[in-house]
Amino acid sequence: MSEVIDLVLSRPGVNPERLAEELAGLGIAAYRGVSTGGGRVRVHVVPGLPEADRAAIRAAVARHDPAVPSREQRAAAARQAALAALRQPWPAWTDADKDAFLRLLAAEWGLIPEEE
Amino acid sequence: MGWTTPRTWVIGELVTKTMLDTHLRDNLLALKDPPSAQVMRDNAGAYTTTSTTLVPVDDVNLKATLTTYGGDVLVWFAGTFSAASGTNMVLDIRVDGTDRLGDGFDGLAAQSLGTSKTIVAIPPVIVPGLDAGEHSFELLWRTTGATIRLHADTTSGTALDNVPAILAAREVS
């Protein structure tokens with residue numbers, strides 16, 4: 001098991017996907033991921049993290065807003081909205097609807113990048 | 001009553017009440033009620049991780065600690081997991097904060113996860129070679145991509161969340 005240490009911060013009510021995105025966005029090479037649970041945030045880093053990086057991590061956790069969705073959550077919401085718009089009888093489907101559905105399906109299957 | 005290495009009886013010796021209590025009664029009681037630890041964790045919310053390195057799920061509350069008499073320990077785990085999107089999860093168990101039971105492998109168990117909740121178990125594993133004394137067993141996990149979740153939440157009102165994460169250990173010899 002490669003060695004990681006935890007930076008443990010008290011922070012209830014987080015959006016784990018968004019927080020992970022924000023921490024990854026700091027571009028800290030020692031960052032290995034984040035865990036949440038029980039009102040604690042544990043940021044996993046390799047030992048020897050410089051103090052400036054620690055401070056940047058603490059600040060990111062402090063300013064984290066759980067109400068802000070992650071990129072993936074925004075894409076999922078957009079996908080749900082697009083699917084909801086297609087919920088109509090088949091005769092009402094236009095060529096544009098069929099094209100939109102095909103695009104959603106292709107993104108779902110990983111054949112094309114998902115649109116936000 | 002604890003376990004005492006059984007006495008080797010000598011021909012002609014006087015067997016006293018104390019000897020019988022220690023070597024028969026107390027040892028039978030110890031075998032009937034071996035050292036055990038079972039955690040049925042309600043986290044009042046899901047645990048999550050994005051770590052691609054094995055890390056403890058909860059090094060305080062999801063940890064089974066017991067004091068053994070030097071025998072083998074049987075340890076196992078079950079919990080309900082999901083992922084934010086398709087990914088793989090690896091589980092392992094760490095003994096005394098250092099030794100990984102799945103050492104030499106990626107872990108003890110692995111599972112592909114998606115948004116649907118799935119029960120995943122580490123089957124019973126015998127841990128030999130532990131000295132008499134206190135030992136702890138912690139669940140480790142990692143993802144290969146998306147955020148993974150361990151559901152253990154009596155506050156959610158959703159049946160698939162309202163289940164405990166179960167980690168158990170018992171001395172078996």
Side-chain angles (χ1 to χ4, degrees), chain A residues 1-8 10-26 28-47 57 60-61 64 66 69-80 107-111 113-114 116, chain B residues 41-63 79 81-87 89-95 97-108 114-115 138-153 155 165:
Chain A
M1 188 163 84
S2 55
E3 196 187 357
V4 292
I5 58 166
D6 291 353
L7 211 57
V8 182
S10 180
R11 178 68 165 84
V14 299
N15 175 350
E17 283 82 8
R18 176 64 182 164
L19 182 60
E21 207 172 76
E22 289 166 338
L23 290 170
L26 296 175
I28 294 171
Y31 173 69
R32 291 291 179 273
V34 61
S35 299
T36 69
R40 294 190 309 160
V41 168
R42 292 183 298 134
V43 182
H44 311 295
V45 293
V46 295
I57 287 170
V61 172
H64 166 72
S70 69
R71 226 175 3 254
E72 200 172 310
Q73 288 165 339
R74 284 198 303 273
R79 189 168 56 241
Q80 287 306 314
E108 177 84 21
W109 283 30
L111 302 177
E114 195 148 32
E116 286 184 33
Chain B
R41 175 69 179 154
D42 170 14
N43 187 48
Y47 289 103
T48 75
T49 194
T50 63
S51 179
T52 51
T53 299
L54 283 165
V55 293
V57 174
D58 182 340
D59 54 4
V60 177
N61 301 302
L62 200 47
K63 184 178 189 175
F81 296 85
S82 70
S85 57
T87 193
M89 173 183 72
V90 178
L91 297 177
D92 208 332
I93 290 173
R94 186 166 71 175
V95 184
T98 52
D99 300 326
R100 203 160 60 77
L101 293 183
D103 193 24
F105 301 88
D106 263 8
L108 289 174
T115 52
E138 286 170 276
L139 180 68
L140 306 177
W141 63 345
R142 76 178 182 90
T143 176
T144 58
T147 304
I148 52 176
R149 285 180 160 73
L150 168 56
H151 301 273
D153 184 4
T155 65

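To find a chain, count down the sequence lines: A is the first, B the second, and so on, and within it residues start at 1.
Nearest heavy atom pair, residue A/Glu17 against residue B/Ala84, reads OE2-CB, 3.3 Å.
Contacts between B/Arg142 and chain A at a heavy-atom distance below 4.5 Å are absent for every atom of the residue. For B/Ser85, the parts lying near chain A are the backbone and the side chain together; criterion is any non-hydrogen pair under 4.5 Å.
Put simply, the side chain of A/Val34 does not reach to within 4.5 Å of the side chain of B/Thr49, judged on heavy atoms.
Taking chain A as the reference chain and counting heavy-atom pairs below 4.5 Å, the highest number among B/Val57, B/Asn61, B/Ile148 is found for B/Val57.
Between the CG atom of A/Leu23 and the OG1 atom of B/Thr50 there is a distance of 8.0 Å, given to the nearest 0.5 Å. For the atom pair OG of B/Ser51 and CZ of A/Arg32, the computed distance is 9.0 Å after rounding to the nearest 0.5 Å.
A side chain to side chain contact (heavy atoms under 4.5 Å, CB included) with B/Thr147 is found for exactly one of A/Ser70, A/Pro16, A/Ser35, namely A/Pro16.
Using a cut-off of 4.0 Å between Lys/Arg side-chain N and Asp/Glu carboxylate O, A/Arg42 and B/Asp58 are scored as not salt-bridged.
With hydrogens and angles ignored, the 3.5 Å screen pairs no side-chain donor or acceptor of B/Asn43 with any backbone N or O of A/Gly37.
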Exercise for the section: Kindly determine whether B/Thr52 and A/His44 satisfy side-chain contact (heavy atoms from CB on, under 4.5 Å), including the steps that lead there. Expected result: CA-CA 10 Å; B/Thr52 51; A/His44 311 295; over 6 Å; no

